[in-house]
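Below, chain A is the first sequence line, B the second, and so on; all start at residue 1. Worth knowing before you read on, the calculation uses all heavy atoms, side chains too, and leaves out hydrogens, waters and symmetry mates.
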Amino acid sequence: MSSQLPLDELSLVFARLKGLLLTEEKVDRAVQLLAEAAKDAIPGTSGAGVSLLNDQGRRTSRGATDAIVEQADVVQYELGEGPCLTAWASDETVVVEDVASDGRWPLWSQAVASLPVRSVVSTPLRTETGSLGALKIYAAVPSVYDAGTGLLLEKFAMPAATLLANIQGRETPQRISEALIAALAGRDSINRACGVLMERENLGAEEAMQELLRLARTQKSPLHQLSADLVQAASAGGKPGPG
Amino acid sequence: MQFGNPEKQQAEFLHAAMHQAGISTGDLWLRYFSLGGSASEYETDAYVQGIFRLPEVQRDLLAQAANELIDELPPPPRAPYSEDFLPGGARDPLQSDRRNYPPA
């Protein structure tokens, strides 16, 4: 039964109804504000950006303070190399003195050579279960940042990552799916038991539910257990069950 | 004790039981939904707060859901006896990993 249900979609609807997930627009807005705050907070910074990545290193969400940051970023994910991907993959803060002379990402350095991007710091958005992505700042001239800037950006990234992890826990949809499957299966089982009682005792739907609740009380049995027993007894030969 | 509207009292005592057991409206509603309940989480919350009326069978399904959750809670911890602290006992201080040994 469960495999035929559109569970991914149902799970998302269900999770939103229960307030467990925010919409994509809200995540994008949070990420955008984080980028703006980082830019304002760190002296000499001309632009800042945030990328959220999935397990495979693909971007799922982004925020940037200006088009230059966005451009430098797009190239990074197209080429599959750059300071943010390194920060994300190694779980370490990356400080770049001068993009033009740093040899770690030759393709990326070449691709952004025409952009006013010379100093970079990128730090992973760390959570208990792994890295969600990276927060980075750019400056137009070389040698603007040092290790101290890295530490400052890390302080910035830590609470942000915790908040973002709660917005978009990777395991949330999975957990919701399981809860939803169990809840729907439970409703099925109880409806079948009500059907058995309606047939056997000649009751209406509401009376059958009331009778089921009464049986659960007198037998001190959880409703799901009682329903499963009733249905099993009925299918085993239609004999009157307990009651 | 005041004897008022029994419907309202049913909601009030449900609220008190949930509070005592630490059950959230969300948890209550999920169990109630899985038992075949038809009110929304929003309506359920309003009912628990005493500002929304539900039909009898829905009220009783909520009571059933709450009681099942309460029955599933772990019992409160019991006080240990002196012998539990002796070597090999349930609370032997030398046992570094505190596995839950049954009292000897």
Side-chain angles (χ1 to χ4, degrees), chain A residues 1-2 5 7 10-11 13-21 166 172 175-198 203-231, chain B residues 6-49 51-76:
Chain A
M1 173 214 90
S2 57
L5 288 166
L7 278 172
L10 269 175
S11 304
V13 171
F14 189 71
R16 295 219 163 102
L17 284 175
K18 287 192 54 67
L20 291 172
L21 282 181
N166 281 300
T172 304
R175 222 171 47 219
I176 302 305
S177 279
E178 283 162 13
L180 184 62
I181 291 167
L184 291 174
R187 284 176 75 91
D188 261 4
S189 156
I190 279 158
N191 282 334
R192 273 198 290 272
C194 281
V196 168
L197 287 175
M198 286 166 74
L203 299 172
E206 185 149 324
E207 291 168 314
M209 181 60 99
Q210 266 158 347
E211 176 63 9
L212 197 63
L213 280 166
R214 196 188 61 76
L215 287 173
R217 273 204 303 283
T218 53
Q219 298 182 13
K220 297 198 182 349
S221 172
L223 215 52
H224 286 141
Q225 184 61 49
L226 178 72
S227 299
D229 292 347
L230 269 173
V231 172
Chain B
E7 258 185 66
K8 202 155 181 165
Q9 283 206 341
Q10 196 180 356
E12 273 169 23
F13 284 119
L14 168 64
H15 192 161
M18 286 168 66
H19 181 75
Q20 174 82 24
I23 297 168
S24 70
T25 306
D27 290 341
L28 177 74
W29 180 78
L30 186 57
R31 176 61 63 98
Y32 160 80
F33 177 78
S34 87
L35 295 182
S38 60
S40 69
E41 187 173 356
Y42 187 69
E43 289 165 335
T44 300
D45 190 37
Y47 165 73
V48 171
Q49 305 296 332
I51 52 175
F52 188 77
R53 295 180 68 172
L54 286 176
E56 184 181 320
V57 71
Q58 299 304 321
R59 299 200 304 270
D60 284 349
L61 268 172
L62 281 168
Q64 177 73 25
N67 287 333
E68 287 189 8
L69 290 171
I70 290 165
D71 288 343
E72 288 165 16
L73 290 174

Residues at least two apart in sequence or cross-chain that pass side chain to side chain donor-acceptor pair (under 3.5 Å) with B:Q64, listed by chain then number, are B:E68
A quick test of your reading: do over 12 heavy atoms of other residues, nucleotides or ligands sit less than 6.0 Å from CD of B:Q20? no
The side chain to side chain donor-acceptor pair (under 3.5 Å) partners of A:R217 (sequence neighbours excluded) come to none
Correct closest heavy-atom pair for B:S34 and A:I190 would be O-CD1, 3.8 Å
Distance col, row A:Q210:CD vs B:E56:CD, nearest 0.5 angstrom, shows 5.0 Å
Residues B:L61 and A:M209: closest non-hydrogen pair is CD1-CE, 3.8 Å
Between B:V57 and A:L213, the two heavy atoms sitting closest are O-CD1, 4.0 Å
Note: vs chain B, highest number of non-hydrogen pairs under 4.5 angstrom among A:P222, A:C194, A:S189 is A:P222
